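What you are looking at is a predicted structure, and each value in this text was computed from that prediction instead of being measured. Residues take their numbers from the sequence shown, with the count starting at 1.
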Amino acid sequence: MNDDEVIRQRISGRSARAIAKAQATTVAEVNKALDRFTETTIDDKIRRHTLALELARLDELQETFYARALEGDVQCGALITKIIERRCTMLGLYTPQTATLQVIEAEAPRETSTERLRAAIERIRGKRHQDDLPPTDQDDPPSTH
């Protein structure tokens with residue numbers, strides 16, 4: 001199995017399974033080739049090099065369009081703003097605003113001791129008023145049959 005051929009095919013979008021079949025090997029071997037490629041391609045030095053190069057490219061773009069933006073070219077101004085945002089993002093200075101949804105369930109209002117006493121007094125008063133009233137015929141309605 002040729003690692004370079006595996007990487008080339010994978011970059012072109014071919015699946016690891018299809019590459020393994022074409023190379024007469026296993027998917028695990030294809031993945032090992034990808035791991036070897038990753039170890040040599042992505043490390044802290046490469047990250048720093050890439051970051052420095054990309055920042056330099058952004059500087060060149062900004063230098064090209066900055067003066068025109070200051071002269072009032074709206075499109076150049078928008079491009080400069082995007083370049084600044086990109087640079088800040090790459091350096092970890094810009095974190096997009098996020099919205100956090102927090103659900104707060106309101107508790108049912110608790111009855112205070114004063115409210116409980118008032119309710120008890122009202123119940124007692126209600127019983128007395130009913131006891132004090134003379135019985136009427138309205139309490140036992142006549143039958144219609």
Could you go through E122 and R125, starting from their C-alpha distance and side-chain angles, then the distance that decides it, and tell me whether this counts as salt bridge (Lys or Arg N to Asp or Glu O under 4.0 Å)?
CA-CA 5 Å; E122 291 301 320; R125 286 181 65 199; 3.4 Å; yes
Walk me through it: do R47 and D44 pass the test side-chain contact (heavy atoms from CB on, under 4.5 Å)?
CA-CA 5 Å; R47 288 177 200 265; D44 287 334; 4.1 Å; yes
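Distance check: T26 OG1 to K21 NZ gives 15.0 Å after rounding to the nearest 0.5 Å. Atom CD1 in I80 sits 10.0 Å away from atom CG in L58 (nearest 0.5 Å). Here the CG atom belonging to D3 is positioned 13.5 Å from the CZ atom belonging to R8, to the nearest 0.5 angstrom. Here the CG atom belonging to L61 is positioned 12.0 Å from the CZ atom belonging to R86, to the nearest 0.5 angstrom. Taken from CD1 in I121 to CG in L117, the straight-line distance is 6.0 Å, to the nearest 0.5 Å. Expressed to the nearest 0.5 Å, how far CZ of R48 lies from CG of D43 amounts to 8.0 Å.
We find that R57 and E54 are joined by a salt bridge, their nearest charged nitrogen and carboxylate oxygen being less than 4.0 Å apart. Salt-bridge check for R118 with E115: failed, with every basic side-chain N at 4.0 Å or more from each acidic carboxylate O.
Connection of M90 to I46 is not established within any shared hydrophobic cluster, with ILVMFWY side chains joined at heavy-atom distances below 4.5 Å, either directly or through further cluster members. Linking Ile, Leu, Val, Met, Phe, Trp and Tyr residues whenever their side-chain heavy atoms come within less than 4.5 Å leaves I42 and V6 in two separate clusters.
Counting heavy atoms from C-beta outward, E29 and Q23 have side chains that stay 4.5 Å or more apart. Under the 4.5 Å side-chain criterion, counting only non-hydrogen atoms from C-beta, L91 is in contact with L55.
Checked options L34, V30, I19; the residue passing with I7 is L34 (criterion: side chain to side chain contact (heavy atoms under 4.5 Å, CB included)).
Considering every non-hydrogen atom in both R10 and S15, the closest pair reads NH1-CA, 4.1 Å.
When the shell of 6.0 Å around CD of E111 is examined, it contains more than 12 heavy atoms from other residues, nucleotides or ligands. In the displayed structure, R17 atom CZ is contacted under 6.0 Å by at most 12 heavy atoms of other residues, nucleotides or ligands.
A side-chain donor from one of R87 and Q62 sits under 3.5 Å from a side-chain acceptor of the other.
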